[in-house]
Colleague: 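Supplied in structure tokens, the structure appears directly below.
Each ligand, and each atom within it, is numbered from 1 in the order the structure gives.
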Amino acid sequence: MFISRRQALVNTGISLAATTIAGCATYGKPPAAPAATPGTAATPNDAAVTVKAIASTADIPVGSGVIVDDLVITQPTKGRFNGFSAICTHAGCTVAEVVGASINCPCHGSSFNLDGSVANGPANRPLDAKDIVVQGDSIELA
Ligand code: FES
């Protein structure tokens, strides 16, 4: 197909005009919002206070305790509950068991009493206390 020089100039002019109009169509508009990063969007519940039930009072033996995830919950006397971090204060191992009234760390032999105080070293300070709340039969993190 033969296109004359004149037709080529006309076609070029039409093409430039179309580009100019398209460019003007976006002038003055705010830039598009950046795409949201997955997992970072806020939800309406973010501001809500979340209470997490961690155990039932019936699960905690009187005169002993249990380990739930990274927490130790004890009940030294009926109806009195304590919460502690399960991280041993000696060198950061997780305590492994509560046997009777002894919270035991498997790494270097430290043990703790039901109030979190050190029963036997090498740990030299008590387990870190965690605030818990008893709501009916449920023990929750405060
Ligand atoms: S980390 Fe528990 S006794 Fe050393």
Colleague: What do you reckon, Cys93 and Cys107 SGs under 2.5 Å?
Modeller: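 Their SG atoms fall under 2.5 Å; a disulfide, then.
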Colleague: Do the side chain of Asn113 and the main chain of Asp115 share a donor and acceptor less than 3.5 angstrom apart?
Modeller: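 Checking the backbone N and O of Asp115 against the side chain of Asn113, no donor-acceptor pair under 3.5 Å is found.
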Colleague: How close does the nearest protein non-hydrogen atom get to atom 1 (S) of ligand 1, and which residue and atom is it?
Modeller: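 Atom 1 (S) of ligand 1 sits closest to the protein heavy atom Ala91 N, 3.3 Å.
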Colleague: For atom 4 (Fe) of ligand 1, does an N/O/S atom of Cys88 lie at less than 2.8 Å?
Modeller: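 No.
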Colleague: If you look at His108, which of its N/O/S atoms is nearest to atom 4 (Fe) of ligand 1?
Modeller: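 That would be atom ND1.
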Colleague: Could you tell me whether atom 2 (Fe) of ligand 1 has an N, O or S atom of Cys105 under 2.8 Å away?
Modeller: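 True for Cys105.
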Colleague: Using a cut-off of strictly less than 2.8 Å, determine whether Cys93 has an N/O/S atom near atom 2 (Fe) of ligand 1.
Modeller: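 Checking atom 2 (Fe) of ligand 1 against Cys93, no N, O or S atom falls under 2.8 Å.
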Colleague: Do Gln135 side-chain atoms and Ile139 backbone N/O form a donor-acceptor pair below 3.5 Å?
Modeller: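 A pair under 3.5 Å: no.
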Colleague: Any idea which protein heavy atom is nearest atom 3 (S) of ligand 1, and the distance to it?
Modeller: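 Going by distance alone, atom 3 (S) of ligand 1 is nearest to Ser110 OG, 3.1 Å.
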Colleague: Around atom CG of Asp59, are there more than 12 heavy atoms from other residues, nucleotides or ligands closer than 6.0 Å?
Modeller: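 Check passes, neighbour count above 12.
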Colleague: Side chains of Asn120 and Ser111: any donor to acceptor distance under 3.5 Å?
Modeller: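 Yes, Asn120 and Ser111 have a side-chain donor paired with an acceptor closer than 3.5 Å.
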Colleague: Within a strict 4.5 Å, meaning less than it, do heavy atoms of the Ile54 and Leu141 side chains meet?
Modeller: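 Ile54 vs Leu141: side chains touch.
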Colleague: Quick one: report the N, O or S atom of His90 that is nearest to atom 4 (Fe) of ligand 1.
Modeller: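 Output for this pair reads ND1.
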